[in-house]
Chemist: 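My questions will all concern the structure given below.
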Amino acid sequence: MHRVYLDHTATTPLDPRVLEAMLPYFTETFGNASSVHWYGQQAKGVLERSREALARAIGVQAGEVIFTSGGTESDNQAIVGVARAMKKGGRNHVITSQAEHHAVLGPCEELEKEGFEVTYLPVDSFGMIAAAQISEALRLTTGLVSIMHANNEVGTICPIKEIARVAHEHGAIVHTDAVQSLGKIPLDVENLGVDLMSLSAHKIYGPKGIGALVVRKGVGMEPLLHGGGQERGKRPGTENVPLAVGFARAVEIAVGEMKDESARLQGLRDLLEEGIRTEFSAALINGHPTDRLPHILNVSFDSSRMQLEGEMLVMNMDLQGIAVTSGSACTSGSMQPSHVLLAMGRDEKTAKATLRFSFGKTNTTDDVGYVLETLKTVLHRMVQ
Ligand code: PLP
């Protein structure tokens with residue numbers, strides 16, 4: 001069967017070059033990076049070189065990078081850690097958006113239970129947040145603004161630089177979740193001006209289970225975990241050296257190949273988008289037309305013109321070997337429409353009748369042709 005993987009925003013296969021880089025650190029250089037003896041110091045040296053490589057790729061100092069278990073932990077650590085620290089200075093208000101990943105919304109909801117106030121800003125029909133919205137929402141008590149760099153469902157890229165400028169004028173700390181933008185578009189922390197940034201390795205052909213949180217010098221943040229003093233006390237636990245090596249190698253490759261690969265992915269994405277627009281007049285493209293990640297195509301089928309269940313569509317595509325996701329998520333046993341699409345103003349039925357295609361290294365133009373043909377067959381069968 002012709003198999004096509006089009007879910008690279010969910011995860012990516014490990015790059016063989018990353019695997020090769022990691023292997024010696026499982027068996028040969030296996031020491032605990034906190035041990036004082038030779039084995040430990042070998043591991044420590046490798047860990048710090050990995051941190052430096054990662055820091056260099058995103059324009060920060062090595063001392064500003066904390067390794068975590070992934071994007072979810074980075075977001076939780078940034079939001080809860082900064083909020084608890086800022087409370088001591090009398091600030092208890094956090095600003096975020098309705099279109100954030102659950103890894104941001106979840107900790108924000110937890111903060112509300114602790115007595116913090118959280119503003120969830122609406123997004124426009126492209127999934128975009130404007131710096132002016134931040135200005136209006138800022139209060140004397142606002143201590144943290146957390147807005148994602150690029151949306152994982154629709155790919156819209158937010159104006160983080162302007163958002164950071166506005167928030168800083170007010171003395172608030174700025175966090176951005178850049179999990180999806182790493183390796184796809186240029187990411188320079190200094191230029192963006194944010195104080196904290198969440199990253200994850202498995203979205204860029206690195207290993208699952210490792211991420212990073214950039215914390216700029218001087219930013220107050222309480223640790224979520226308590227234990228040893230690893231990661232300068234901000235994230236205790238024995239350092240995962242092989243995964244750190246893999247993450248650094250994956251970043252080097254992703255950033256090094258980004259220009260050509262992102263252009264290639266955008267070419268494939270645009271080809272599919274054009275084909276879908278031509279074939280299906282009920283198709284609505286979600287996300288910003290230009291300020292969008294190059295590899296994401298999110299399409300809804302207008303519920304007033306075509307009645308579809310996205311989940312059924314996903315299953316039917318899967319039966320033909322094509323892996324995509326729908327615009328709904330399973331919550332408490334029932335299919336809920338995507339909170340991002342609802343925030344963008346799609347009605348529930350249209351939001352549920354959605355497919356997200358996310359391209360990656362494994363895809364070719366042949367795949368686009370196969371997807372279009374299959375989609376035609378499957379849709380015609382489903383709407384009959
Ligand atoms: N943030 C965004 C925008 C994501 O897309 C994801 C993963 O889907 C995460 C956070 C969570 O990252 P991880 O899977 O590394 O915990």
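Scope of the values below: all heavy atoms of this structure, side chains included, with no hydrogens, waters or symmetry mates. Numbering of ligands and ligand atoms starts at 1, following listing order.
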Chemist: Pick one: which of D177, D75, T68, N76 meets side chain to side chain donor-acceptor pair (under 3.5 Å) with S198?
Modeler: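 Passing option: D75.
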
Chemist: Under 4.5 Å side-chain heavy-atom separation, chaining through any Ile, Leu, Val, Met, Phe, Trp or Tyr, what else clusters with I157? Say none if it is isolated.
Modeler: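 For the cluster that includes I157, the remaining residues are I185, L293, I296.
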
Chemist: Listed by chain and number, what are the salt bridge (charged side-chain N to carboxylate O under 4.0 Å, His left out) partners of E190, not counting sequence neighbours?
Modeler: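 R216.
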
Chemist: Rounded to the nearest 0.5 Å, how far does NE2 of H170 lie from CZ of R165?
Modeler: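 Here the rounded value is 14.5 Å.
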
Chemist: Collect the protein residues that have a non-hydrogen atom under 4.0 Å from ligand 1 and hand them over in chain and number order.
Modeler: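 The 4.0 Å shell around ligand 1 contains G70, G71, T72, D75, H101, M148, N152, D177, V179, Q180, S200, H202, K203.
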
Chemist: Return each pair, listed once, that meets side-chain hydrogen bond (donor to acceptor under 3.5 Å, both in side chains) where at least one residue sits in residues 35-45; pairs must be two or more places apart or across chains.
Modeler: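 Residue pairs with at least one partner in residues 35-45: K44-E48.
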
Chemist: What residue among E222, E114, E110 forms salt bridge (Lys or Arg N to Asp or Glu O under 4.0 Å) with R84?
Modeler: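 Of the listed options, the one satisfying the test is E114.
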
